[in-house]
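This is the structure I want to talk about, given as structure tokens.
Letters A, B, ... are given to chains in the order of the sequence lines, protein chains preceding strands, and every chain is numbered from 1.
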Amino acid sequence: MLKTQELQINIGPQHPSTHGVFRLVVTVDGETIVDLKPVFGYLHRNHEQLAEVSTYIQMMPFTDRLDYFNSMANNFGLAIAVEKLAGIEVPQRANYIRVLMAELTRILNHAAAVAFMINDMGAWQTPLAFGMREREKILDLFEMASGARMMCNYFRFGGIVRDLPPDFMPLLNDLMKALPTFFDETERLLRENEILLLRSEGVGILPKEVAASYSVTGPVLRASGVPYDVRKAEPYSVYNELDFDVPIGSVGDIYDRFLVRIEEMRQSYRIVQQVIERLPDTTGGHINPAMASIGKQKALKPPVGDVYGRVETPKGELGFYIVSDGSARPYRYKVRAPSFINLTPIGDMCRGHKVADVVVILGSIDIVLGEVDR
Amino acid sequence: MTVEFDRGKAYVVDRGQPKLRAGQGMIAGLDVVIRHFFSAFTKKLETPDETSGVFTVQYPEERLAMPEAFRNFPILLFDDTTGQELCTSCFQCERICPPQVIHMTQAVDPTTGKPVPAVAEFMIEYDACMSCGLCAEVCPFDAIKMDHDFELATDDRAGMTVRKADLDRPVSYYETIAPTRWAEVKDGAYKKLQGNIKRRSGSIGLSPRAATAPKKAAPAAAKPAAGVAKPVAVKTAMPMAAPGKNMSEEKLARLLSIRAANVAKAGGAAPAEAEEVLATADTDDVAEAPAAVAAARPVSSGGIPFSADNLLGGVPANTTMAEDKVERLKSIRSGNLARRG
């Protein structure tokens, strides 16, 4: 019997598999992972503390920087929380535009997340280029509406900053023609690829019970077979008026996460279709008239109390817990970041697998370090 | 397992049947890639409703049109004809700025010692600005707006703290980058400006750019489309060597010819102006020349002077380009123009 010795190595803190700056302390026995401990905090930016010295509207651009892939979804979360706290109504049209942006964000994120995961497996850049191409078109739409591609800062309390520009809808309709081709193409490109199957089937299994006890959310939880989606569990905005299904996995391995993301893109596509159909008939402007001027936004003083507002971002449940003392600045502001919580069970997922699997498992969780460290 | 929701259900994704695999999946994937490979030679992706073809553009020669909403960094506006700044130093933008990078001081009337609705000094730390656009949104006088110029890369860190002289842009410039947005607020902005001008005296509130604009350029400046007749290079432009000091004869000649070509191109107008530049360059008076030189550096950091011509027609062709490259550039540009109508 060969005598082996356990060895502790660090993966990172230089961008392990280009997902951002963090460190994995891995204990290996030969090639096999015995233990794995993630170390975060390299990208800490004092997000929560900043909120305590900022007014509510000043926090809006900072939320863009949480999960910088999905700034629209982050804006949505803060807007929902503050509106709940201050009791602000949102007009129907604003709500539909918000949902449109949130679902486009989901398509954008999953297109890139799937592509990055495949990239981590070794399919260097080709699938990534396909994913990025569709992402680029959606970013163009965001730029047109909000003025920025990634740091959108588009939502305001009570609505959105500006109605859609006139040339937005034609471009969106063009995009909608292209998207089904993209989904099918991605599936054809990768779904039955033997290398992908070998690397992903049965790798990084996260059982239902473990996932729930870590309070994992988003596609990672759904791939483990728990049909939990904030859009269904606690419908916000106008999600209760829209038809869509929740895809779930059966095994909870990397392959399920991959498939769930592709299916979620299809469901988001369905939602966007319904929104485009209904948008011309919606009532109300792009913002609640009582909050229409930025001065009102700035002077917003919610009543004393606390609130937890949550939305389903592409990565999972993003929650904002805000305590108000009646002043213009939150007394306490806490972010429940899905990337952070989804990353915590990585040790359980990796144990028993090889070193090369760590990178793929990490890719399948789909994290953004801006949100993990805040 | 199926769970029914209100308006939807949960369904288990299809993992496919386990089957004998001998590379069919990889071949199917390769088929997709090969199709894209060939369409890259035959097809140009013009509209977003396609998924294949080449969709890159030849930046910086070729540029995509920017949406009006685009926001990069804040700029201050001043009126073309009077040179009066729209800013009244109400401190709204300074207060709302999330990273707190806007600083200003209010102008004071020297005779009475009372504050005037004008700004004495205005400073924005571009290096910490996060382009959120809240300042432009909050400004009640429409004096601060978001610029479209994004080519600001520089090695001069101190230069990223930008003062009023470099923040000022004429209203006509903003009109070229965001016509409908300016049309929405134009009347209100000018009305407020008229009221504020009455309370200003002397040179208070005059833009440093408008004040230093040479007299001879006045007729051209009156034409709104032309903007300031002599576009001043933004501060981030590299410092230009004064010609004639350590330059060889032929280098100087080449520099002057580049300047002349660019002035002719940028101004669209006066060959006389070009001669002026030539003349001034000869006498070491380079006060007006940097803009012309900056224009000769198409990809340099922020060295492109703002003018309607640059925004629409792209940067001027560098005279040192190879002949065939110039030809290709011309064809791309004419194509762009044709497409824009």
Side-chain angles (χ1 to χ4, degrees), chain A residues 54-55 57-62 64-65 126 130 133-134 136-137 140 143-148 151 153 161-162 165 171 174-175 177-178 181-182 185 188-197 225 227 232 235 240-251 255-256 259-260 263 294-295 298, chain B residues 1-16 18-19 21-33 35-37 45 47-52 55 64 66-72 92 95-100 130-134 136-140 146 180-181:
Chain A
S54 303
T55 57
I57 189 64
Q58 280 182 332
M59 276 323 281
M60 193 58 90
F62 283 125
D64 289 341
R65 276 96 182 146
T126 304
F130 290 159
R133 181 194 58 213
E134 298 316 304
E136 199 67 15
K137 292 176 190 169
D140 281 347
E143 188 178 24
M144 197 181 272
S146 73
M151 303 299 146
N153 189 17
V161 62
R162 209 168 236 275
L171 213 61
D174 280 350
L175 174 75
K177 282 181 216 153
T181 325
F182 166 67
E185 202 177 74
R188 188 169 158 72
L189 180 68
L190 300 165
R191 195 192 163 105
E192 301 209 326
N193 188 303
E194 281 75 13
I195 300 172
L196 186 137
L197 287 168
K232 291 289 189 197
N240 51 5
E241 298 171 19
L242 298 159
D243 296 316
F244 64 97
D245 299 334
V246 179
I248 55 172
S250 48
V251 180
Y255 193 50
D256 264 344
L259 294 175
V260 162
E263 284 302 312
I294 181 98
K298 206 171 59 168
Chain B
M1 185 181 75
T2 49
V3 180
E4 292 289 329
F5 291 116
D6 190 25
R7 308 186 75 109
K9 61 177 194 308
Y11 65 97
V12 177
V13 290
D14 176 24
R15 281 173 74 93
K19 60 185 175 197
R21 294 191 175 103
Q24 296 98 323
M26 279 169 83
I27 290 167
L30 273 177
D31 173 54
V32 174
V33 177
R35 272 164 208 261
H36 278 282
F37 178 73
L45 196 153
T47 53
D49 66 341
E50 294 162 60
T51 57
S52 63
F55 74 121
L64 293 171
M66 260 203 254
E68 246 182 69
F70 183 78
R71 51 189 155 83
N72 195 40
Q92 293 284 338
R95 283 194 201 117
I96 204 166
C97 179
Q100 304 279 300
M130 62 186 201
S131 310
C132 63
L134 285 179
E137 217 175 298
V138 78
C139 185
M146 302 307 278
T180 59
R181 289 201 165 200

Which atoms form the tightest heavy-atom contact between B:Val13 and A:Leu259, and what is the distance?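 Where B:Val13 meets A:Leu259 most closely, the heavy atoms are CG2-CB, 4.0 Å.
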
Does a side-chain heavy-atom distance below 4.5 Å link B:Arg95 with A:Thr55? no

Can you name the one residue among B:Ser131, B:Pro98, B:Cys97, B:Pro99 that meets side-chain contact (heavy atoms from CB on, under 4.5 Å) with A:Pro61?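 Considering B:Ser131, B:Pro98, B:Cys97, B:Pro99, a side-chain contact (heavy atoms from CB on, under 4.5 Å) with A:Pro61 is found only for B:Pro98.
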
Quick check: do A:Asn153 and B:Arg71 have side-chain heavy atoms less than 4.5 Å from each other?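 When only atoms from C-beta onward are counted, B:Arg71 and A:Asn153 do touch, with a gap below 4.5 Å.
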
Of the non-hydrogen atoms in A:Ala145 and B:Ala69, which two are nearest, and what is the gap between them?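 A:Ala145 and B:Ala69 have their closest heavy atoms at O-CB, 4.4 Å.
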
Set of residues satisfying side-chain contact (heavy atoms from CB on, under 4.5 Å) with respect to A:Val251, sequence neighbours excluded: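 Counting only residues at least two positions away or on another chain, A:Val251 forms a side-chain contact (heavy atoms from CB on, under 4.5 Å) with A:Ile205, A:Asp253, A:Asp256, B:Arg15.
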
Using the side-chain contact (heavy atoms from CB on, under 4.5 Å) rule, take B:Glu137 and A:Arg162 through it: C-alpha gap first, then chi angles, then the decisive distance, then the call. CA-CA 11 Å; B:Glu137 217 175 298; A:Arg162 209 168 236 275; over 6 Å; no

Sort out for me which of A:Leu196, A:Ile195, A:Leu242 touches chain B most, counting heavy-atom pairs under 4.5 Å.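 Of the candidates given, the most pairs with chain B belong to A:Leu242.
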
Portion of A:Phe62 that has a non-hydrogen atom of chain B nearer than 4.5 angstrom: both

Region of B:Glu68 in contact with chain A, defined by heavy-atom distances below 4.5 Å: neither

Quick one: CG on A:Leu189 to NE2 on B:His36, what's the gap to the nearest 0.5 Å?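 Interatomic distance, A:Leu189 CG to B:His36 NE2, rounded to 0.5 Å: 8.0 Å.
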
Evaluate B:Met130 against A:Asp64 for side-chain contact (heavy atoms from CB on, under 4.5 Å), listing each step before the verdict. CA-CA 10 Å; B:Met130 62 186 201; A:Asp64 289 341; over 6 Å; no

For atom CZ of B:Arg35, is the number of surrounding heavy atoms from other residues, nucleotides or ligands below 6.0 Å larger than 12? no

Which atoms of B:Asn72 come close to chain A, meaning under 4.5 Å heavy atom to heavy atom: side chain ones, backbone ones, both, or neither?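 Neither part, no heavy atoms under 4.5 Å.
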
Let's test your reading of the structure: which of A:Glu241, A:Lys232, A:Met144 forms the most heavy-atom pairs below 4.5 Å with chain B?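 With the most close heavy-atom pairs to chain B, the winner is A:Lys232.
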
Keeping A:Asp245 on the side-chain end and B:Lys9 on the backbone end, is there a donor-acceptor pair under 3.5 Å?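 Yes; judged by distance alone, with no hydrogens or angles, the pair exists.
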
